[in-house]
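Each remark here refers to the structure printed beneath this line.
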Amino acid sequence: MIVYHGSYVLVDKPDALHSRLNVDFGRGFYVTPIYGQAEKWCQKFIRRGKDGIISKYTLDEEMLNKLNVLRFSSYSEEWLDFILACRNKKDTSDYDAVSGGVANDKVFNTVELYFENLIDKREALKRLRYDKPNMQIALRSEAALGCLRFEGSERL
């Protein structure tokens with residue numbers, strides 16, 4: 001599978017160390033199979049006057065499937081609970097990789113209302129069912145990062 005990483009630098013040797021802890025799926029190197037999504041990730045850097053660079057990789061799915069991977073196929077109660085734990089730095093799981101929907105701008109508003117206890121879980125899931133998930137994969141271990149092969153990059 002071809003995957004992309006949007007940044008302000010070329011990343012030919014990915015690592016999880018430069019990731020923040022309190023993001024959707026915890027510390028990891030984030031990629032997506034959706035080029036347009038990587039492009040959007042670059043836009044926040046471009047708006048700050050930095051470069052936008054999309055790095056391209058081949059992800060060996062056969063190797064990845066041998067690891068401890070958590071997959072979310074939709075926005076669900078489990079997805080919401082996992083995001084909440086990760087964003088609050090309370091994730092104690094040992095997944096090598098986590099894949100699923102992105103809490104993007106549209107979804108983030110609902111997630112924030114839930115995090116702030118302004119809506120309950122049922123209402124949050126009701127609102128999220130109308131949003132088609134984007135896709136992100138957080139590679140959280142060296143074994144998972146070993147499933148990537150750098151193919152090149154493109155400056156936007």
Practice item. Please say whether more than 12 non-hydrogen atoms of neighbouring residues, nucleotides or ligands are located less than 6.0 Å from NZ in Lys89. Key: no
Check your understanding: Got a salt bridge between Lys56 and Glu154, using NZ or NE/NH1/NH2 to carboxylate O under 4.0 Å?
Key -> no
Point to revise | Crowding at OH, Tyr35 (>12 non-hydrogen neighbours, <6.0 Å) | key: yes
Practice item. Give a yes-or-no answer on whether the side chains of Ser93 and Arg140 include a donor-acceptor pair shorter than 3.5 Å. Key: yes
Point to revise | Approximate separation, where rounding is to 0.5 Å, of Cys147 SG and Leu59 CG | key: 6.0 Å
Exercise for review: Report whether Leu118 and Leu84 are members of the same hydrophobic cluster (ILVMFWY, side-chain heavy atoms less than 4.5 Å apart, transitive linking).
Suggested key: yes
Point to revise | Asn68 and Asp94: side chain donor to acceptor below 3.5 Å | key: yes
Revision key, fill the gap. Heavy-atom nearest pair, Ile53 first then Ser153, reads CG2-CB, 4.0 Å
Point to revise | Criterion side chain to side chain contact (heavy atoms under 4.5 Å, CB included) on Val3 and Thr58, from CA distance to verdict | key: CA-CA 6 Å; Val3 294; Thr58 298; over 6 Å; no
Review point. Between the side chain of Asp15 and the main-chain N/O of His18, is any donor-acceptor distance below 3.5 Å?
Key: yes
Practice item. Over all heavy atoms of both residues, which pair between Leu125 and Ser76 is shortest? Give the atoms and the distance, please. Key: CD2-C, 3.4 Å
Check your understanding: Rounded to the nearest 0.5 Å, how far does CD1 of Ile83 lie from CG of Asn88?
Key -> 11.0 Å
Practice item. Check Tyr4 against Ile34 and note the closest heavy-atom contact, atom names and distance. Key: CD1-C, 4.1 Å
Exercise for review: Indicate whether any N or O donor in one side chain lies under 3.5 Å from an N or O acceptor in the other, for Gln136 and Thr32.
Suggested key: no
Point to revise | Co-membership, hydrophobic cluster, residues Met1 and Tyr57, 4.5 Å side-chain | key: yes
Exercise for review: Mark yes when over 12 heavy atoms from residues, nucleotides or ligands other than Arg71 sit less than 6.0 Å from its CZ; otherwise mark no.
Suggested key: yes
Study note, to complete from the structure: Note: Leu80 and Ala124 closest approach over all heavy atoms is CD2-CB, 4.0 Å
**Study point:** Pairwise distance CD1(Ile137) to CG(Leu64) - rounded to 0.5 angstrom
**Key:** 7.0 Å
Check your understanding: Do you know which two heavy atoms are closest between Gly28 and Ala16, and how far apart they sit?
Key -> CA-CB, 3.8 Å
Review point. Atom NZ in Lys50, atom NZ in Lys44: separation rounded to 0.5 Å?
Key: 10.0 Å
Revision key, fill the gap. On a heavy-atom basis, the closest approach of Met135 and Ser99 is CE-CB, 3.9 Å
**Study point:** Rounded distance (nearest 0.5 Å) linking atom OG of Ser7 with atom CH2 of Trp41
**Key:** 11.0 Å
Point to revise | Basic-acidic side-chain contact under 4.0 Å: Asp60, Arg149 | key: no
Review point. Using 30° and 60° as the class limits, which term best fits the ring planes of Phe25 and Tyr30: parallel, tilted or perpendicular?
Key: parallel
Check your understanding: Does one hydrophobic cluster hold both Val11 and Tyr8, with members joined at side-chain heavy-atom distances below 4.5 Å?
Key -> yes
Review point. Mind checking whether Phe150 and Ile54 sit in one hydrophobic cluster, side chains of I, L, V, M, F, W, Y counted as touching below 4.5 Å?
Key: no
**Study point:** Lys121 and Glu123 ion-paired at < 4.0 Å
**Key:** no
Point to revise | Interatomic spacing from CZ in Phe45 to CG in Leu156 - rounded to 0.5 Å | key: 11.5 Å
Review point. Do Arg27 and Asp91 sit within salt-bridge range, that is, some charged N less than 4.0 Å from a carboxylate O?
Key: no
Check your understanding: What do you reckon, are the aromatic ring centroids of His5 and Phe29 less than 6.0 Å apart?
Key -> yes
